[in-house]
Amino acid sequence: MCMYERFGFCVEKMIAMLVLLILKPGTVSAGWPVTFENPDVCAVKGSSVRLSCSYNYTDGETVENTAWYKGELKDGIWKRIALSDLSSYVNRSEYIGDLQHDCSLAIHDLRDNDTGHYYFRFDTEKYGRRSKTSVFLTITELRARVYPDRVRAGDKVTLECRTDCKRINTVWFKDGFSVAKPVFQAQTQDAGNYLCAVEGQESLQFAPVSLDVQYRPENISILMDPPHVVEGSSVNLTCSSVANPAADNYTWYRSNVSSSMLQVGSGQVLSLSSVDASHTGLYLCMARNQVGENNSTEVLLTVDDRDKMPLLTVHHIILFVGIGVKVFLVLLLPLVIIWAWRQRRNSPVEKEESSNDYENMSIG
Ligand SMILES: *[C@@H]1O[C@H](CO)[C@@H](O)[C@H](O)[C@H]1NC(C)=O
Ligand SMILES: *[C@@H]1O[C@H](CO)[C@@H](O)[C@H](O)[C@H]1NC(C)=O
Ligand SMILES: *[C@@H]1O[C@H](CO)[C@@H](O)[C@H](O)[C@H]1NC(C)=O
Ligand SMILES: *[C@@H]1O[C@H](CO)[C@@H](O)[C@H](O)[C@H]1NC(C)=O
Ligand SMILES: *[C@@H]1O[C@H](CO)[C@@H](O)[C@H](O)[C@H]1NC(C)=O
Ligand SMILES: *[C@@H]1O[C@H](CO)[C@@H](O)[C@H](O)[C@H]1NC(C)=O
Ligand SMILES: *[C@@H]1O[C@H](CO)[C@@H](O)[C@H](O)[C@H]1NC(C)=O
Ligand SMILES: *[C@@H]1O[C@H](CO)[C@@H](O)[C@H](O)[C@H]1NC(C)=O
């Protein structure tokens, strides 16, 4: 039923539509009544996302209801299903907007199947309005890796954490501390587990990757048991080191006044039995793993002679001898004096004879 037709268009209908558009109450002059700040949102699985949204309506109206919907394919037809009717969103979606102009939505603990189109709808006492466009939410995963994952101290290491989201920045943590640079020269203390996280949501950490830093033996030391060696006894020298992987090859060397460093054994423990003076010398152990080798500091082994007095105790002996002599004198001198006195009183003849003997002996 068209009275005026021009260029294939029905002029009456067009005029009616234009009048409707201009006069329709509630139609907001600038754009749609619902505006999404970012219609294409990307977020990481397990994290939280905020779908920022604002809405507008004619002054004087009062908002009575708001709701978010998800586009779902049901029986081959796309339908908008209210999130409140989808059990998987019940505790994870949160309307953080209000009944004025903010219609933002937060979704927590994001899952793969949260990917999709989201719509907003609000009702005033006069009209219900729904967004014509949607927010498309993409859920992606963090792909973390460290390469190479086994290095030697000093080698370059790269931490890489990727997502499909262009706008998402990621950060790395190790032992609760953020890692300053994702590319570094590995030191022994850099070994361990690294966690990647989304910047701004650091409490949620994903995908641990581990780095193994290998190094040659360090801090090599020798333990002498017992610490003082007596001639004829036995002694164990044990070589210990810090290494990754653990040292598996030990070589023992000894030097003394008559020789420079000579190999004297192998194995982590060097057992010396019935030790004698020839064992005296400076000992060192060389610890080796597949990365390299390193030497302990030298340890002096001296053998104490059982028969001769050890040098250290000579002054003690002098002291003891001195005390002994004094005790002897104090106890025996009175006895000697008494004995001499009694001899002189009882037998003067004998005394004469003995003095004769003495003279005779001296002459003979
Ligand atoms: C809402 O609409 C009013 C006019 O109806 C306009 O002045 C205002 O700028 C709009 N606000 C937003 C956020 O679009
Ligand atoms: C939501 O949380 C409440 C209370 O924590 C719980 O009872 C309910 O089972 C949860 N619902 C779903 C769908 O997870
Ligand atoms: C989404 O996946 C979760 C498990 O990850 C499942 O419990 C839930 O039913 C799924 N929801 C839909 C709508 O497919
Ligand atoms: C091992 O080698 C390093 C580097 O040459 C050196 O600093 C260290 O003192 C050596 N000895 C031990 C016992 O680690
Ligand atoms: C070696 O000893 C030093 C000092 O005690 C220490 O700082 C260092 O961490 C040790 N090296 C290893 C590999 O444990
Ligand atoms: C030395 O070690 C061996 C075993 O390795 C042990 O039988 C011996 O008693 C140890 N000797 C000393 C003096 O500790
Ligand atoms: C220790 O290293 C030396 C020198 O490389 C080698 O000859 C020896 O077989 C090694 N010993 C063991 C037990 O691996
Ligand atoms: C360790 O000591 C042995 C014997 O003195 C020597 O041949 C070797 O070169 C030393 N190794 C290192 C790494 O200092």
Side-chain angles (χ1 to χ4, degrees), residues 146 148-159 172-181 183-194 208-308 310-313:
V146 52
D149 60 359
R150 173 172 290 172
V151 295
R152 292 186 171 181
D155 289 353
K156 192 179 111 175
V157 167
T158 304
L159 298 172
W172 282 97
F173 287 89
K174 178 174 185 283
D175 303 330
F177 294 98
S178 72
V179 176
K181 287 181 186 167
V183 179
F184 55 88
Q185 308 238 281
Q187 302 303 318
T188 57
Q189 68 271 16
D190 294 328
N193 287 330
Y194 290 79
V209 290
S210 70
L211 174 65
D212 186 20
V213 181
Q214 301 194 324
Y215 53 95
R216 66 170 181 167
E218 274 179 32
N219 292 4
I220 307 165
S221 61
I222 296 176
L223 178 75
M224 203 189 304
D225 180 33
H228 298 292
V229 186
V230 179
E231 185 173 356
S233 70
S234 61
V235 62
N236 283 346
L237 301 181
T238 305
C239 186
S240 58
S241 64
V242 191
N244 182 23
D248 57 359
N249 192 325
Y250 298 87
T251 312
W252 289 89
Y253 295 91
R254 184 188 66 214
S255 71
N256 55 27
V257 280
S258 55
S259 74
S260 58
M261 281 292 172
L262 286 180
Q263 191 180 329
V264 291
S266 61
Q268 192 170 6
V269 179
L270 179 69
S271 279
L272 305 175
S273 52
S274 38
V275 176
D276 61 33
S278 70
H279 289 103
T280 300
L282 287 170
Y283 285 75
L284 76 74
C285 72
M286 181 168 78
R288 180 186 288 135
N289 65 7
Q290 64 204 49
V291 180
E293 64 188 38
N294 206 348
N295 285 343
S296 69
T297 49
E298 292 167 346
V299 165
L300 176 65
L301 184 141
T302 54
V303 180
D304 293 343
D305 195 327
R306 244 194 236 290
D307 305 326
K308 290 178 202 158
L311 204 71
L312 258 176
T313 55

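For ligands, and for the atoms within them, numbers begin at 1 and follow the listed sequence. All values derive from a computational prediction rather than experimental measurement.
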Original post:
Which pair of non-hydrogen atoms, one from Ile220 and one from Ala287, has the smallest distance, and what is that distance?
Top reply: CD1-CB, 4.1 Å
Original post:
Do the side chains of Pro245 and Gln214 get nearer than 4.5 Å, heavy atoms only?
Top reply: yes
Original post:
Any donor and acceptor pair, going by atom type alone, linking the side chain of Ser296 with main-chain N or O of Cys285 inside 3.5 Å?
Top reply: yes
Original post:
What atoms of ligand 6 come closer than 4.0 angstrom to any heavy atom of Ser234?
Top reply: 13 (C)
Original post:
Val229 versus Met224: any side-chain heavy-atom pair under 4.5 Å?
Top reply: yes
Original post:
Which atoms of ligand 6 have any heavy atom of Asp225 under 4.0 Å away?
Top reply: 13 (C), 14 (O)
Original post:
By number and element, which atoms of ligand 8 are closer than 4.0 Å to a non-hydrogen atom of Met261?
Top reply: 5 (O)
Original post:
Does a side-chain heavy-atom distance below 4.5 Å link Thr158 with Lys156?
Top reply: yes
Any protein N/O atoms within less than 3.5 Å of an N/O atom in ligand 5? List the atom names and distances, or say none.
from     : atom 1 : to     : atom 2 : distance (Å)
ligand 5 : 2 (O)  : Asn219 : OD1    : 3.3
ligand 5 : 2 (O)  : Asn219 : ND2    : 2.1
ligand 5 : 11 (N) : Glu218 : OE1    : 3.4
ligand 5 : 11 (N) : Asn219 : ND2    : 3.1

Original post:
Quick one: which ligand 8 atoms are inside 4.0 Å of a heavy atom on Asn295?
Top reply: 1 (C), 2 (O), 3 (C), 8 (C), 10 (C), 11 (N), 12 (C), 14 (O)
Original post:
Judged by atom type as modelled, is there a donor-acceptor pair below 3.5 Å linking the side chain of Asn244 to the main-chain atoms of Val213?
Top reply: yes
**OP:** State, with a plain yes or no, whether a side-chain heavy atom of Glu298 is found less than 4.5 Å away from one of Met261.
**Re:** yes
Original post:
Partners of Asp149 by salt bridge (charged side-chain N to carboxylate O under 4.0 Å, His left out), sequence neighbours excluded?
Top reply: none
